[in-house]
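Report on the following structure.
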Amino acid sequence: MTTTATRPGVGPTGPRRSRAAITAKTLRTDRWWLAPLITFIGLGAWVTYATVRVFMHNYYFVEAYHYLTPFYSPCLTDRCVEGSALFGTPLPSFWLIPEAAFTLPFLLLFRLTCYYYRKAYYRAFWLSPPACAVPDGHKTYSGETRFPLIFQNGHRYAFYAAMIISVINTWDAIIAFRSPGGGFGFGLGNIILLGNVIMLWAYTLSCHSCRHITGGRLKHFSKHPVRYRVWTFVSKLNVRHMQLAWITLGTLALTDFYVMALSAGWFSDLRFVG
Ligand code: FES
């Protein structure tokens with residue numbers, strides 16, 4: 001009997017590793033392909049929507065209420081409409097340059113290097129591997145030990161950038177409590193903007209790097225009570241990191257769509273005050 005025989009396989013260390021010699025592609029009989037398929041469709045749809053919106057260069061600001069979509073924040077090109085640019089307009093209006101050209105690359109990096117999204121797109125897009133106990137779709141696999149994937153290890157720095165961008169998004173949400181006359185105002189758009197910002201903070205703070213920054217490398221929690229408390233809070237969020245990753249994709253798209261709809265005049269904001 002050679003049931004325990006092995007053959008060269010793929011793994012982080014290449015052919016030096018070996019795996020069970022089974023001829024079937026996988027012994028799994030459940031619908032293991034469903035999760036990667038849903039991920040593929042969900043992420044694919046979101047990236048398509050976001051790309052179209054970012055290069056639309058239109059319908060991103062509602063001047064009357066100061067609603068700015070997060071996809072265009074901060075607005076930095078010559079094209080930025082009156083009142084939408086908080087930090088000036090240092091960038092030219094070339095169509096390939098998004099209005100938020102300084103922040104979008106960092107946000108993209110933050111999500112691309114996120115531990116959860118890595119799992120998601122490695123499985124759904126690269127089939128590497130598509131699921132547990134299902135063979136890798138590629139002949140070789142070097143993990144994150146070489147260029148370019150070794151840069152995934154810089155996730156912590158993208159986290160720092162994301163924190164700054166979350167502050168900017170928060171400010172956008174605060175200054176949107178405005179009526180057309182200039183005083184305090186409050187409408188459905190504010191709830192959507194605020195909800196999005198709260199979820200963005202929850203996602204950002206639930207980051208694995210954040211958890212390590214707050215509580216990592218400590219020998220005695222008792223000697224660092226503040227860091228321990230923060231770490232405990234972050235840890236509670238951290239167990240929901242995957243859900244928050246998806247929820248924030250939803251709130252970002254909803255916020256952007258709502259601002260676009262108002263800006264394009266498809267319907268009016270539901271106002272409670274002002
Ligand atoms: Fe997902 Fe850091 S691990 S954002």
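Both counts, for ligands and for their atoms, begin at 1 and track the order of listing.
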Part of Y117 with heavy atoms under 4.0 Å of ligand 1, whether side chain, backbone, both or neither:
neither
Could you tell me whether H241 approaches ligand 1 through its side chain, its backbone, both or neither, with non-hydrogen atoms closer than 4.0 Å?
side chain
Go through ligand 1 atom by atom and flag the ones less than 4.0 Å from a non-hydrogen atom of [X].
X: F110; result: 4 (S)
X: Y203; result: 1 (Fe), 4 (S)
X: Y115; result: 1 (Fe), 3 (S)

Side chains of [X] and [Y], donor plus acceptor under 3.5 Å:
X: H212; Y: R156; answer: yes
X: Y67; Y: N190; answer: yes
X: W246; Y: Y116; answer: yes

For the pair C114/C207, is the SG to SG distance below 2.5 Å?
no
Mind checking the CZ-OH spacing from F71 to Y60? Nearest 0.5 Å is all I need.
15.0 Å
If I take every N, O or S atom of C210, is at least one of them less than 2.8 Å from atom 2 (Fe) of ligand 1?
no
Under 3.5 Å, is there a donor-acceptor pair between the side chain of D136 and the main chain of H138?
yes
Vertex atom 2 (Fe) of ligand 1, ends C207/SG and H155/NE2: angle to nearest 10° comes to 100°
